[in-house]
Structure formats: C-alpha cells, structure tokens
Amino acid sequence: MTDAQTAAERIAQLRSELDAHNYRYYVLDEPSVPDAEYDRLFRELQALEEAHPELVTPESPTQRVGGNAASAFGEVRHEVPMLSLGNAFEEQDLLDFDRRVREGLADLLPAGDLFGGGAEVEYSCEPKLDGLAVSLLYENGRLVRGATRGDGTTGEDISANVRTVRNIPLRLQGEGWPEVLEVRGEVYMSRAGFEALNARAVETGGKTFANPRNAAAGSLRQLDAKITASRPLEFCAYGVGRVDGELPDTQIEMLEALKRWGVPISRELKLVKGAAECRAYYQDIGERRDSLAYEIDGVVFKVNRIEFQRELGFRAREPRWAIAHKFPAREELTELLDVEFQVGRTGAVTPVARLKPVQVAGVTVSNATLHNMDEVARLGLMIGDTVIIRRAGDVIPQVMQVVTERRPADARPVQVPTVCPVCGSQVERTQLVKRGKGKESVSEGAIYRCVGRLFCQAQLKQSIIHFVSRRAMDIDGLGDKIVEQLVDKGLAKSPADLYTLAYEQVVELEGFADLSTRNLLASIADSRRPSLARFIYALGIPDVGEETAKLLARALGSLERIMKALPEVLTYLPDVGQEVAYEIHNFFGDEHNCKVIAELLERGIELQEEGDVAAEFAACATLPGFIDKLNIPGIAATGAKKLAESAGDLEAIIALSQDWLTLATLKGLNEKARQSLRDFFSVADQAQRARDVEAQLREFGMHWQSQRKVVEGLPLAGQTWVLTGTLEAMSRDVAKDKLESLGAKVAGSVSAKTHCVVAGPGAGSKLAKATELDVRVMDEEGLLALLAEHGLDA
Ligand code: IVH
C-alpha cells in the first residue's frame, strides 16, 4: 500500500468519526467524546489534509472556515417557492384555522360526531424560531447549495456561508435519503451566542447587534464567509422543498427522517390532536419561552399528513395547512419623553429613559435602562425620539433602537447634568487608565460620577443598603425604607453611625414600636463580629464583589495589610487585574473612607478570621515575576527571567541597569531592551516604586528570599497531606487553606511520600491506598485537634 493510500483511508476514517461525533453533539445533544478528544481527531485530519491537499473534499469537517470573500451573492431561483405563514394572534384565530382545515378535509376525514364536529386533525407542532429562513440543497447526500429565502421565488446564494454553520451537515448520514433533497429551516443565534458575540464586540470596539435575529441575519449574509464562520450560528430544519425521491408521509416522520440523516430539528417537536391540544402546546411553550436557549416569537402548527397538506394547498403565499400562533410581541414603539439621571452606590450617574407608557407583552412599561452615556451615543438617542423598546421575561426593559425617520423637529440631545441631581456636587467623567509596559494612557470612560460620595444622600443610602445586606454585614430587619428614613433624618451619615443608634432615635421612626426597636438594635449589635471577608465586601469597594473580597481576606489575612497593599502586590491575587488593584488601592487611599473604617472599628466592630498571609499566596511571588510586574517596556517574561538569573535581587538589577558594560554582555536582552531597562531605572521615582513594592513583599512575608524561611518555620513544613471524603466542620477548601497556612503541601493523591491522610465519611480509594502504604490516617476530629493546637479553629 502506498503512503497516499493509507493517508486516504485514515482521512476517510477520521471524517466519519468526526461526522458521527458532530451528529451526536448537534443533533442528538448527547456528546460522545470530550472536547479534547474531538480536537485531537480534528487536528490529525487537518495535518493529513495539509500533507495531502489533493485529498481535501468540500465535505470534510475541516472545510467550515469560509474561503475567499465574494464581491456579491449569486441568485438562486427556488423551484418550489419559499412561502410564509398566516398568523394567529388570538385563540379564536386558531379555532378558525382548525375549522377551515376540517372543512377543507371533509371528504377525507372520517365522519364527524352527532354534534356536527368533524373528526379531529393531527398537527405537528414546533416553536417558531426568530431567525432567517434558508434552503439547503443536498444532491446524493452532499450539501451543494445554500440560499436565503429572498422574495420567496428568488434568493441569494449563500453556499459558502451555510457551510460554516457548525450543525449543518456537509453530507447526510445513514441511508435512504432522496437523491435530491432540499431541506428548509431557520438559521438563528442562541441567546448565549448572541450575548457572547456582543460582549466581544464591546471589548474590541466593534458593532453590537440589537437582538439575536439581527445578529443572525447580519452574520449569515456576509460576503466574507470567514466572518460567518466566527459567529455562533445554528440551524434547525422545519420542512423540505424540492425532493426527488421518497419521504415518509407525515410531517413528523419526515422531520424524524431528517434527524436520522444528521439534520438538526427542534427538540420541542410534538404531535397533537385537535385545536385544544394545539392550545395546550402553545401555553406550555409560552410558559417556557424565557428558559429556552433561543428566542421564539410563537409556535407553528402544521397538518401532519402530507396527503392532507396537498389536498388543502395554498392561498396566495400561505399554506392552508399551517399557521403561526404568535406570542405577544416583546418589542413595541413608544416615545422617549425624557432622560433622567440616577445616582448609584459608587456615585455612577446613569441615564434612565422615561417613556410614554406602552403595553409590552402584557406589562405596562414606562421606564427603560440606558446603561451609560456610551449607550446613549451608540443609539444616537434624542429626547422626543420614537424608540423601539424590548422587554424579555423579567429583565428590565431596554431601548433597542431609534426610529430616526420619526424624529420630531424639536428633539433635544441628552445631556449629562454637570452637578449631581441629588446632592449638587460636581459630576465628573471617569477616566480609563490603561497601564501598559512603561506607559499609562488615559482616556475618557463611559461613566460619570458624582464626587459627593457619602455626602450625597443617594450614594449614602445605597452604601448603607449594601453594607447591611445579607451577604455583607447581614443586619436583619434593616430594610431599604428604614435606611432611607435614617438618612433623611440625619441619623446615619455613614455606615458607622448605625452602631451608635439609640433606642429613642429608632423608636421615633415610622413603623417602629418598642419590640421592633429592640429587635433592630439587637441585630445591629449581633453584626459586630463579621468575618474579614464580609467586612471587606460590605465596604462596597468598586469592582470588589463577594469573591474578590473573600480572596483578599484569605490571601492577605488582615485589614491592615489589605488597606496598605500596593496595586502591584494586589495583582498577585488570581483574577485581580490592574484595574481592580488600583480601585482597591485608591479606595483605601481615600481619607474619608479611612475615617469611616476607623469609626467602625472604634464603635466596636471586631473582625474575625484575621491571620497571616496565606502560604500559597506568599509562595507565588518570584523574582522574575516581580520584574515582569514592574512593566518595564521591552522586558517580557523571558527578559525578566534572564535578569533574575544574572542579577539575583532588585538592588543588583538596578545597579546592573546603570552598568552599561556588564549589561552589554548579558545574553537574551537586545539593545533596545537594555536601553529601556537603563531608562526605566534612571527615573528616581520608578526605582523607588520598585523598592517599595519589594519592601512590601518582604513585610508581608511574600518575598522570594523570605518565603522559604516562612515555610520552614511552620509546624507542617515539608509535609504532604491528602484530604478525602466529606468534612463536616469545614469545606475541603478551607481545610486545605488551613493546612497550607501551617506549611503543609496538600496533594490530590496518596503516595508513599504522603505524610498524613485526613479521611472523612465516604472516603474510598485514597483511604485504601493509605492503609496499603501504611500512611498515617486521621479523621476530622483529629484534624480539628491539630488545627486547634496551632491556634486555628474550624
Ligand atoms: S414553516 C410553508 N416552521 O417563519 C411553511 N417556519 O412566517 C413555511 N419560521 O419564513 C414555513 N420557525 O423563516 C416554519 N417551525 C417553523 C418556523 C418557521 C420559523 C419562519 C420561517 C418562515 C417564517 C414564516
């Protein structure tokens, strides 16, 4: 056998395997292999095809990338016209449709009952997807053409584009398909795909789409199919056009045959009998509308027997055998009466649309969110405009689009107030600071902020509401309305004032009596011992949510360290980037914030769970990493490593940077990098900053030189521990942190080197292995005793 022959065989085998995996993944929704295995097969096929370009076929799973861009779409004539559907909006429309169907089939249906009703008709039901109709032509099982619907008679040739849609089979599976088979269905974008696409566009400054339908249409009709390939499009078949050959004689069986051949169909496909069951289907899907992965605008009912469909035929451009039962619209037109500005917890002044009230999907809408001024600019919004608003489920209504053609002559631009509408303080536009290697670039942000902070009643109220909330200080019984009263009456000028509230002050408030006053004061008192993490979260530092707060508390261990941590040090925390690091640093650099914190501590807040810097956090600082963090232009990870190897510590690097002769002998740093290193450290501020960061690492016990010492001094230094089974007093993560803070390494598997295994109930193979290897085993009680011995509790 020649090399090419074996390659051809392997290629064929890989293609069938990949097609089969695709089929299970996209059509059956039962993935058969992990993504990594799929990728491996895919790469093998790619490599083989690269080596043997003559063996590449258009149906190969590798060919979904989009070729060269076209200058225009060709025309496609639909041999069988692509029709539209009649609509039912009310239940009566559906009943009328069913009656017309039964009348039309009177001769074919079994005799009706005594009350004049004909026998019930079977309908095939499916959701009406909100995307765009396409036709896919398969000849001898191969996808040869894709077309848009166009005007129903002539569409556009989008063959290159449809080939990039992942769940459209390039060749049909199995057997028995007609020689020529035109599949028709909808190309759409799932909600998740749409959101990811828009998020990506926002990040890269690209164009965002108003809704998944527009996104699907805009993505599919791209002259450059490579763009289509990068968009999360999906296909769902609902019918057929031209067919040369045999197909089953009902709608449902026909769709199920398509599914067997690898064509995706709706998972909601259902056979029902009579109008009453159609209505039940409509209701069921309507209730689940918001939880479906994609947007729908109704359901479609089709007479199930193809013979009956033929008998009923068409009226104008609509089949008499099918109808779309629409859900109430989610988009409506209304007028933008005004734009008002609200002040949030962090002072962000955000625009809110005041609308002429309009009914959308059964709810009166008179306000809509506008997010920020960039969004207002993106929409090109002016007061007086007619706008399209959209309401989906419980989400706050959104302004989607401006109907510019209807703009009145007296439309006014939207203006950000120069002073805060609540407190009259200055409103400033936030600045976006980008910190790259050696550069800081400042640009205008999308957010405007009231500088009044806690002097601003709006910010004060929101800050206190956040401070007392369940996941923060968890002060029971202190609802929003009470906070508002406290602020309005001047009883709370900062969260710290909650802790000096007197009985006489509270009992005076609206809705309070003796018992409720005592209860509230008791729950305020009960909140005095928060964990460090809760306290940090409660402070409401911009960009610091619960997770980041926990991380800060666990890694740095004390409020004092968190308050003085330099941004460079904070970025050692996983998921803390420069922006968040600077937010944290700036928050604690603010005099007023520090005053509130000091007051809270003076008034009896006792922070729990303060301790050392976590061992794993201390261990993550290395000299090369540190050099990299200094952001010296031209010095990336490898350069940093070189410098660390040859200099050994910061002072040596600073000295080296000014010693041109020695520096020139250093391999791995080019002339430009050497120059920039010298420039960097000749700026006194920069050298000092580097020294400050290093000093802080040392102070926190994170310095690469101190770290070994710290661990060595710890009671479990050098030991490897394994946790298995369930622990009751604490999670395994917490147990791991605690063991690590005592210097132990916590591993995932047991070996002869394991020092001790902590086994909770349900421990299995790890416990068995420990027993077999004669490794020490302890239960949770033993662990708790050990932790207590070292001053740690659960
Ligand atoms: S059947 C002759 N089924 O709705 C039957 N159409 O308003 C023609 N649509 O152009 C279509 N989901 O783009 C059918 N399950 C479904 C559908 C569906 C969405 C779209 C399709 C069609 C339009 C008609």
Side-chain angles (χ1 to χ4, degrees), residues 76 78-89 93-94 97 101 104 123-136 146-156 158 162 165 167-168 182-190 211-217 220-221 233-243 247 250-252 254-256 258-259 263-272 278 281-282 284-286 288-289 292-306 308-327 329:
V76 168
H78 300 298
E79 286 177 47
V80 179
M82 288 183 82
L83 303 167
S84 70
L85 287 170
N87 290 320
F89 295 101
D93 301 334
L94 175 65
F97 164 75
V101 166
Y123 293 102
S124 150
C125 320
E126 63 206 324
K128 185 168 189 296
L129 291 166
D130 210 1
L132 66 164
V134 300
S135 137
L136 304 173
T148 61
R149 175 173 164 219
D151 63 6
T153 319
T154 316
E156 284 171 323
I158 49 161
V162 297
V165 177
N167 72 343
I168 291 181
E182 184 193 349
V183 176
R184 288 180 176 175
E186 201 85 346
V187 166
Y188 64 99
M189 203 178 275
S190 69
N211 55 43
R213 209 206 87 81
N214 291 4
L220 191 62
R221 292 191 63 258
L233 293 172
E234 289 168 53
F235 175 77
C236 177
Y238 51 65
V240 293
R242 181 179 158 196
V243 179
L247 280 182
T250 66
Q251 180 79 20
I252 295 255
M254 182 265 287
L255 290 174
E256 274 161 1
L258 291 183
K259 179 174 173 179
V263 179
I265 61 170
S266 175
R267 284 185 231 303
E268 306 294 340
L269 180 66
K270 190 175 175 190
L271 181 67
V272 304
C278 285
Y281 181 83
Y282 174 81
D284 171 46
I285 298 285
R288 293 191 290 120
R289 184 180 183 188
L292 294 178
Y294 40 83
E295 296 215 336
I296 57 173
D297 52 358
V299 293
V300 184
F301 302 120
K302 293 170 192 162
V303 170
N304 192 38
R305 288 199 73 82
I306 307 289
F308 290 176
Q309 293 185 1
R310 271 195 215 107
E311 173 68 20
L312 288 161
F314 300 90
R315 182 189 61 195
R317 310 201 49 75
E318 293 165 12
R320 286 204 186 86
W321 45 266
I323 195 160
H325 194 179
K326 298 292 257 311
F327 292 130

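Computed from heavy atoms alone, side chains included, the values below leave out hydrogens, waters and symmetry copies. All of these numbers come straight from a predicted model, not from anything done at the bench. Indexing begins at 1, ligand by ligand and atom by atom, following the structure's order.
Here the options are I265, L129, I168, the test is side-chain contact (heavy atoms from CB on, under 4.5 Å), and the partner is F235; only I168 passes. Looking at F327, Y281, Y238 one by one, the single match for side-chain contact (heavy atoms from CB on, under 4.5 Å) with P127 turns out to be Y281.
For atom 8 (C) of ligand 1, the closest heavy atom belonging to the protein is L83 O, 3.8 Å. Protein heavy atom nearest atom 3 (N) of ligand 1, with residue, atom name and distance: K302 NZ, 3.0 Å. Nearest protein heavy-atom neighbour of atom 12 (N) of ligand 1: L129 N, 3.1 Å. Closest to atom 23 (C) of ligand 1, if we only count protein heavy atoms, is K128 NZ, 4.0 Å. For atom 10 (O) of ligand 1, the closest heavy atom belonging to the protein is R149 NH1, 3.6 Å. With hydrogens left out, the protein atom closest to atom 24 (C) of ligand 1 is L85 N, 3.6 Å, a heavy atom. If you check which protein heavy atom lies closest to atom 20 (C) of ligand 1, you get E186 OE1, 3.4 Å.
Across all their heavy atoms, V240 and M254 have their closest contact at CG1-SD, 3.7 Å.
For ligand 1, none of its N or O atoms has an N or O atom of P319 under 3.5 Å away. Every N/O-N/O distance between W321 and ligand 1 stays at or above 3.5 Å. Considering both main-chain and side-chain atoms, V300 never comes within under 3.5 Å of ligand 1 through any nitrogen or oxygen pair.
Only side-chain heavy atoms of E126 come within less than 4.0 Å of ligand 1; its backbone N, CA, C and O stay farther off. Residue S266 does not touch ligand 1, judged by heavy-atom distances below 4.0 Å.
Not a single heavy atom of C236 sits less than 4.0 Å from an atom of ligand 1.
More than 12 heavy atoms of other residues, nucleotides or ligands lie within 6.0 Å of NZ in K326, so this atom counts as buried by the packing criterion.
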Worksheet item: Would V299 and E126 satisfy side chain to side chain contact (heavy atoms under 4.5 Å, CB included), going step by step from the backbone distance to the final call?
Response: CA-CA 6 Å; V299 293; E126 63 206 324; over 6 Å; no
Worksheet item: Checking side chain to side chain contact (heavy atoms under 4.5 Å, CB included) for the pair I306/Q251: CA distance, chi angles, key distance, verdict?
Response: CA-CA 6 Å; I306 307 289; Q251 180 79 20; 4.2 Å; yes
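For atom 17 (C) of ligand 1, the candidate residues are Y188, F301, Y238; the nearest heavy-atom contact is made by Y238.
A donor-acceptor distance shorter than 3.5 angstrom exists from the side chain of R320 to the backbone of L312, with no hydrogens or angles considered. Of the possible donor and acceptor atoms, none in the side chain of H78 sits under 3.5 Å from a partner among the backbone N and O of R242. Side-chain atoms of E182 do not come within 3.5 Å of backbone N or O of L136 as any donor-acceptor pair. At least one donor-acceptor pair under 3.5 Å links the side chain of N304 to the backbone N or O of I252.
Annotation for ligand 1: atoms under 4.0 Å from non-hydrogen atoms of A133 are 10 (O), 13 (O). Every atom of ligand 1 is numbered from 1 in the order shown, and the set under 4.0 Å from a heavy atom of P127 is 12 (N), 15 (N).
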